[in-house]
*Asks:* 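Right, I'll just put the structure down here and ask away after.
Treat the numbers as computed from the prediction; the structure is a model and nothing was measured. All ligand and atom numbering here is 1-based and tracks the order in the structure.
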Amino acid sequence: MVELGINIDHVATIRQARKTYEPDPVWAAAFAELGGADCITIHLREDRRHIIDRDVRMLSDSVNIKLNLEMATAPDIVDLACDTTPDQVTLVPEKREEVTTEGGLDVITHYESIKPVVSRLQDAGIRVALFLDPDPSQIEAAAKMRVQAVELHTGQYALHKGEEQMRCLAQLATAGKLIVESGMNLHAGHGLNYQNVLPVAQLDSMLELNIGHSIVARAVFVGLRQAVSEMKDLIS
Ligand code: PXP
C-alpha cells in the first residue's frame with residue numbers, strides 16, 4: 001500500500017496571512033485523517049512563514065497517524081524536533097527567498113554537517129528521511145549516512161510533459177530501485193497532483209507520497225476530507 005502524507009502548510013499560510021488563529025492546521029490534520037491520510041506532513045521553515053512552533057507542539061500531541069516534520073538543519077529547529085519527537089523528520093534544503101523547496105539536499109557537499117543532525121534525530125527515536133534529487137551519487141551518500149528513507153524530489157517530473165516527463169519518470173524509477181536495494185524506504189513528493197500522481201505511485205516499492213498544494217487547492221472547492229479521499233482512492 002502506498003501511504004499518503006498530506007502536507008498542511010498551506011492551511012497555516014492562510015492563517016498567517018492575517019496573523020490570526022484560523023484556519024488551524026490542527027483542524028486540517030483531523031479532516032485529512034478522516035479523508036484517509038496515513039501521514040500528516042508539516043514544514044517548519046526558518047522564517048516561520050506558515051507552520052509555527054506551536055503547531056509542531058500541538059500536532060505532536062494530537063496526531064495519531066504518522067507525523068512527518070520537514071525541516072532544514074537549523075539548530076533551534078533540530079532542538080524542537082528532538083523535544084517533540086515526530087515519527088519522522090524529512091531533511092530538506094532551505095533558502096529564505098524560495099517560494100517552495102526548489103531542489104534536493106546536497107548530502108555529498110554537506111555530509112559532515114548533515115550526518116551529526118541525522119544521528120541526533122535518530123538517537124531521539126525519530127526516523128530520518130532525506131529529500132533528494134534522483135541522483136545515484138546522492139543516494140549512495142544517503143545510504144552511507146544510514147537514514148531510514150529517501151524522499152525523491154518529483155519536481156522536475158511534475159514540471160515537464162510528454163517525452164521529457166517520461167525521461168524524468170525513468171530517472172525516478174532507477175533512483176527508486178537503488179534506494180530500495182540500498183536498504184532504505186522509498187518516498188516521493190513535490191508537484192504531484194490528481195493528473196500526474198499515478199505513474200509515481202506505481203513505481204516499484206513506493207511507500208509514501210507527500211502531497212500538499214494540489215490537495216489543499218482542491219479542498220478550497222470540495223472540502224479537505226473529500227480532496228484527501230479522492231487522492232487516496234487514486235493512489236490505492
Ligand atoms: N515533499 C517535500 C520535501 C516538500 O518540501 C514539499 C513542499 O512543501 C512537498 C513534499 C509537497 O509538495 P507540493 O505542495 O508541491 O505537493
Side-chain angles (χ1 to χ4, degrees), residues 2-14 16 25 28-29 32 37-52 55-56 59 66-74 77 81 86-107 114 127-135 138 142 147-160 168 172 175-176 179 185-198 200-201 206-220 224 227-228 230-232 234-235:
V2 183
E3 294 182 0
L4 176 59
I6 305 295
N7 187 314
I8 55 173
D9 295 349
H10 285 333
V11 175
T13 299
I14 299 173
Q16 295 311 100
D38 303 290
C39 170
I40 299 300
T41 292
I42 48 175
H43 185 174
L44 185 66
R45 296 188 69 99
E46 288 171 26
D47 61 7
R48 309 301 199 266
R49 71 171 76 149
H50 37 58
I51 294 293
I52 55 175
D55 302 328
V56 179
L59 289 162
K66 181 156 90 178
L67 182 65
N68 174 36
L69 175 63
E70 294 172 353
M71 52 179 259
T73 53
I77 296 183
D87 302 285
Q88 177 175 289
V89 157
T90 301
L91 290 176
V92 300
E94 189 168 314
K95 289 197 225 111
R96 287 221 169 210
E97 64 279 12
E98 69 191 358
V99 174
T100 182
T101 318
E102 283 172 352
L105 264 181
D106 181 350
V107 267
I114 295 172
R127 290 195 303 277
V128 179
L130 301 179
F131 185 55
L132 301 181
D133 292 320
D135 170 348
Q138 294 290 341
V147 292
Q148 278 81 8
V150 170
E151 178 173 329
L152 283 178
H153 187 338
T154 50
Q156 287 304 314
Y157 162 82
L159 266 181
H160 289 101
C168 293
L172 291 169
I179 290 164
N185 288 331
L186 173 60
H187 303 170
H190 216 285
L192 297 176
N193 60 35
Y194 296 81
Q195 286 73 42
N196 67 17
V197 74
L198 254 194
V200 177
M206 182 55 68
L207 193 67
E208 178 184 304
L209 295 178
N210 286 299
I211 310 180
H213 186 86
S214 64
I215 292 176
V216 175
R218 196 179 195 87
V220 170
L224 187 57
V228 172
E230 287 175 18
M231 180 60 82
K232 179 75 185 168
L234 253 181
I235 69 167

*Asks:* What residue and atom, counting heavy atoms only, is the protein's closest point to atom 15 (O) of ligand 1, and at what distance?
*Replies:*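 Protein heavy atom with the smallest distance to atom 15 (O) of ligand 1: G191 N, 2.8 Å.
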*Asks:* Can you check which of N210, N193, L91 brings a heavy atom nearest to atom 11 (C) of ligand 1?
*Replies:* N210
*Asks:* Which ligand 1 atoms are under 4.0 Å away from a heavy-atom of F131?
*Replies:* 3 (C)
*Asks:* If we ignore angles and hydrogens, is there a donor and acceptor under 3.5 Å between the side chains of T41 and N68?
*Replies:* yes
*Asks:* Using the side chain to side chain donor-acceptor pair (under 3.5 Å) criterion, which residues pair with R127? Sequence neighbours excluded.
*Replies:*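 Once residues adjacent in sequence are excluded, R127 has no partner under the side chain to side chain donor-acceptor pair (under 3.5 Å) criterion.
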*Asks:* Counting heavy atoms only, which part of E151 comes closer than 4.0 Å to ligand 1: side chain, backbone, both or neither?
*Replies:* side chain
*Asks:* Going by distance alone, is a donor N or O of one side chain under 3.5 Å from an acceptor N or O of the other, for Q88 and Q148?
*Replies:* no
*Asks:* I want to know if ligand 1 touches L192 in the polar sense, i.e. an N/O pair below 3.5 angstrom.
*Replies:* no
*Asks:* Say whether N7 and ligand 1 are in contact under the criterion: heavy-atom distance to a ligand atom below 4.0 Å.
*Replies:* yes
*Asks:* Quick one: sort the H153 and H190 rings into parallel, tilted or perpendicular, breaks at 30° and 60°.
*Replies:* tilted
*Asks:* Has ligand 1 got any nitrogen or oxygen that is less than 3.5 angstrom from a nitrogen or oxygen of H213?
*Replies:* yes
*Asks:* With a sphere of 6.0 Å drawn around NE2 of H160, does it hold more than 12 non-hydrogen atoms of other residues, nucleotides or ligands?
*Replies:*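 Above 12, so yes.
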*Asks:* Would S214 count as a contact residue for ligand 1, given that I'm defining contact as a non-hydrogen atom of the residue lying under 4.0 Å from a ligand atom?
*Replies:*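 No heavy atom of S214 comes that close to ligand 1.
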*Asks:* Does only the side chain of E70 get under 4.0 Å from ligand 1, or the backbone, or both, or neither? Count heavy atoms.
*Replies:* side chain
*Asks:* With only distance considered, is I211 within less than 3.5 Å of ligand 1 through an N or O on each side?
*Replies:* no
*Asks:* In ligand 1, which numbered atoms sit nearer than 4.0 Å to a non-hydrogen atom of V92?
*Replies:* 3 (C)
*Asks:* So which of N193, I6, V197, T154 actually passes side chain to side chain contact (heavy atoms under 4.5 Å, CB included) with I211?
*Replies:*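 The side chain to side chain contact (heavy atoms under 4.5 Å, CB included) with I211 is passed solely by V197 among N193, I6, V197, T154.
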*Asks:* Please report which non-hydrogen protein atom sits nearest to atom 12 (O) of ligand 1, along with the residue it belongs to and the distance in Å to one decimal place.
*Replies:* H190 CA, 3.5 Å
*Asks:* Please lay out, stage by stage, how H10 and H50 fare under the test side-chain hydrogen bond (donor to acceptor under 3.5 Å, both in side chains).
*Replies:* CA-CA 7 Å; H10 285 333; H50 37 58; over 6 Å; no
*Asks:* Are any non-hydrogen side-chain atoms of M71 and L91 less than 4.5 angstrom apart?
*Replies:*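 A side-chain contact exists here, since the closest heavy-atom pair is under 4.5 Å.
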*Asks:* Give me the nearest non-hydrogen protein atom to atom 5 (O) of ligand 1 as residue plus atom name, then the distance to 0.1 Å.
*Replies:*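 Of every protein heavy atom, T101 OG1, 2.9 Å lies nearest to atom 5 (O) of ligand 1.
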*Asks:* I'd like to know if K232 and D38 make a salt bridge, using a cut-off of under 4.0 Å between side-chain N and carboxylate O.
*Replies:*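 Yes, charged N to carboxylate O under 4.0 Å.
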*Asks:* Would you mind checking which non-hydrogen protein atom is closest to atom 16 (O) of ligand 1, with the distance to 0.1 Å?
*Replies:*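 Ranked first by proximity to atom 16 (O) of ligand 1 is G212 N, 2.8 Å.
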